[in-house]
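The structure presented is a predicted model; accordingly, all values stated were derived computationally and were not measured.
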Protein chains: 2
Amino acid sequence: MASPPNAHHIDSAGLNERAQALLKTLIERYIRDGQPVGSRTLSRDSSLELSPASIRNVMADLEEMGLVISPHTSAGRVPTVKGYRMFVDSLLTIKPLGEQEVRSMEVQLRPSDEPQRILRAASSLLSEITSMAGVVLIPRREHESLRQVEFLPLSHNRVLAILVVNEREVQNKIIHTTRDYSSSELQQAANYLNQQFAGRALHQVRETLLQEMGEARTKMNELMLTTIEVASQTFAEEEAGSDYLLEGQTNLMGYQEMADIDRLRGLFDAFNRKRDILHLLDQSLGAQGLQIFIGEESGYQVLDACSVVTSPYKQGDQVVGVLGVIGPTRMAYDRVIPIVDVTARLLSAALNQAH
Amino acid sequence: MASPPNAHHIDSAGLNERAQALLKTLIERYIRDGQPVGSRTLSRDSSLELSPASIRNVMADLEEMGLVISPHTSAGRVPTVKGYRMFVDSLLTIKPLGEQEVRSMEVQLRPSDEPQRILRAASSLLSEITSMAGVVLIPRREHESLRQVEFLPLSHNRVLAILVVNEREVQNKIIHTTRDYSSSELQQAANYLNQQFAGRALHQVRETLLQEMGEARTKMNELMLTTIEVASQTFAEEEAGSDYLLEGQTNLMGYQEMADIDRLRGLFDAFNRKRDILHLLDQSLGAQGLQIFIGEESGYQVLDACSVVTSPYKQGDQVVGVLGVIGPTRMAYDRVIPIVDVTARLLSAALNQAH
DNA sequence: GGTTGGCACTCTCTAGAGGTGAGTGCCAGC
DNA sequence: GCTGGCACTCACCTCTAGAGAGTGCCAACC
């Protein structure tokens, strides 16, 4: 299933079948009601016919291996990150989504002229059906191919550059020039650029431009100088880079494990700061397939009490972004995993299909 | 001073000078350290030389008038909304901002080609210097005047419409037409529209268009039909309407009066839902000058523990938006009021001054 | 030898009791 | 009208006791 070999993968070897089964029921139970699970409960819950005493022996082993821990002497056991990891990697049984459910998701992700709208819809969708926070990384300009460029003269040495990319997305930029250009000068420059570069990736355009600029300028005619001036600014590297859409943050306030207001504030600050979350999502962009970060695995302290489930989505056959869900470590992985997986597929489909 | 006669205004009549002075020190003290203020403290703090016992008599009067309340029998007094209202309306002494402070605010609100950027800067600025949440209502399209319109043909009966408004703001819209138009057809349509409507307000353009559409179509030539088709869509009423920029929400998590996670969630949900906050800001848009909503005065339950200080800002000599600060009722009004006031002025200045 | 019941032990949680301190309301006297 | 005195109230803290849940260990059983 969607869970590929993961950097954090823990082998289930060294754990007999019974221990695995018990770990599984323990975690399922803990996910269900958030209380430490004791041996008596476990004995009733598991299909194994074992007395609490026997189960205690197994628990002692699991604790020694660092898969579970008891918050204090007389409480039941709670899974550790390592425990969750093993659960997710080798014990989990995924419930595939119902057809009905998939269809209703599909409705919310209909194709549109504005990709931004679909991305936001995906983020909302994720947050709504999981009751956690949904996140969608916005495709970077790098992946975009130029369809058309136009220039409009504004007053005071300013020119409005309009880029149409990917057939239906539009970007504007106001650039400042050394002198006022006439409408027709700009028209000519645009024609030249469209002829030369339509269909190419933006970063290719940028590189080629840089190269041409390097060549002796004296050789160039007036038109080329104009073109070079406006184009170099138009296609200049954006410093901003990547960004994401986050929805349903407030859902996270509903969970007890987030009840600590300082921890919560740290998390929300991280959402606003964006850097850490972006970095995490970028990582998932590289890996192929669904990714799960459990608790401290993410490497960011603010996410210590959270798990993040991500999946990349595509435009054409190229991965352009990642989407996912952020919630408490104690989340229903068996539901969240297929939800993230399906949403990624549906989003890809919607993006590839013009309105 | 910035505080205009307010709908909630309470007359200070019926309160002798001493009572006023004591209410003032009580509220100042309470704002400073958030604890109920007792008669002993008040006796030491106020410049009046009165024993605690005398002060208790005054307190009893103030309590009867509903200006203060004691959380329980043996605690000091805490101001009520009505108390804050009187404080703000007639007792408050405003500290004007230092020149230095104003200058450093000015730096963060430099003019820019992108008004959106300045608005965001204003919001951040407000949140940073007050350590509360800053909010800026985005000007509605209604207030914008058309400078230029252009059309680019896309594939599949789609046309990209580009509006340049207010000299330096750009808006895009993809519209769907009944047939493919050629570049030159669109160019002609754009020329016509620019000639007719440049400099007019968008809503004027819309009205005139509707009128022309109503006239018998048969009289029109091909060009006019084209023009009407693309223009009517381009200038169609936006359903979205108004929106705002909110920064520093997480600052609100620092205050004890917001420590209740459910109340906090309600507030954050309201921020996301936007409707209530927008409505409140719209109200302030109508009123001229600085406005203060204390606690329940706003009329929205989620804001019961908050105060909102707003001020409109202008483009040219027309009010186009509102900005403000949202924080706990117990805020330093004497600082917040001039900050909001000055920020509104600086923002207006920055917007009216092209880069 | 794995499994089980028994048992002592540990730890959290809750409720109640008692003490302390801050602050009040009221009253009599200045 | 102001003030000191005094009884009273209430939140808050600490301490204690008891209940409940669950554990670890051990000896016995199959």
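- With respect to the salt-bridge test (charged N to carboxylate O, under 4.0 angstrom), the residues A:Glu101 and A:Arg335 qualify.
- Atom C1' of nucleotide C:dC26 and atom CD of B:Glu64 are separated by 15 Å, given to the nearest angstrom.
- Atoms CZ (B:Arg77) and C1' (D:dC10) sit 14 Å apart, rounded to a whole Å.
- The 5' end of DNA chain D is approached more closely, in terms of each residue's nearest nucleotide, by B:Arg18 than by the other of B:His72 and B:Arg18.
- A donor-acceptor pair is defined here as one N or O able to donate and one able to accept, closer than 3.5 Å; no such pair exists between the side chain of B:Arg29 and the backbone of B:Val37.
- B:Leu48 places its CG atom 10 Å from the P atom of D:dT3, with the value rounded to the nearest Å.
- Expressed to the nearest 0.5 Å, how far CD1 of B:Ile294 lies from NZ of B:Lys82 amounts to 13.0 Å.
- Rounded to whole angstrom, the span from the CZ atom of A:Arg40 across to the P atom of C:dC7 amounts to 15 Å.
- Residue A:Glu63 contributes atom CD, which lies 15 Å from atom P of D:dG22 at whole-angstrom precision.
- Contact annotation: A:Ser74 side-chain N/O to D:dG22 OP1/OP2 distance is not under 4.0 Å.
- Here D:dG22 presents its P atom at 12 Å from CG of A:Asp45, a figure rounded to the nearest Å.
- A donor-acceptor contact shorter than 3.5 Å links the side chain of A:Thr329 to the backbone of A:Ala305.
- Taking the centre and axis of the six-membered ring of B:Phe87, the NZ or CZ atom of B:Lys24 falls outside the cone set by 45° and 6.0 Å.
- Contact annotation: B:Ser39 side-chain N/O to C:dT24 OP1/OP2 distance is under 4.0 Å.
- With rounding to whole Å, A:Gln35 atom CD is found 17 Å from D:dG20 atom P.
- Side-chain proximity of B:Thr73 to the nucleotides D:dG24, C:dT12, D:dC10 is greatest for D:dC10.
- At the phosphate of D:dT3, OP1 or OP2 sits under 4.0 Å from a side-chain N or O atom of B:Ser51.
- As a whole-Å value, the separation of A:Ile69 CD1 from D:dT23 C1' is 15 Å.
- Of all heavy-atom pairs spanning B:Ala133 and B:Leu246, the tightest one is CB-CD1, 4.2 Å.
- For the pairing with B:Val340, the side-chain contact (heavy atoms from CB on, under 4.5 Å) check across B:Leu323, B:Ile292, B:Val322 returns one residue only, B:Leu323.
- Using a 4.0 Å cut-off on heavy atoms, the residues of residues 52-61 of chain A that approach DNA chain C are A:Ala53, A:Ser54, A:Arg56, A:Asn57, listed by number.
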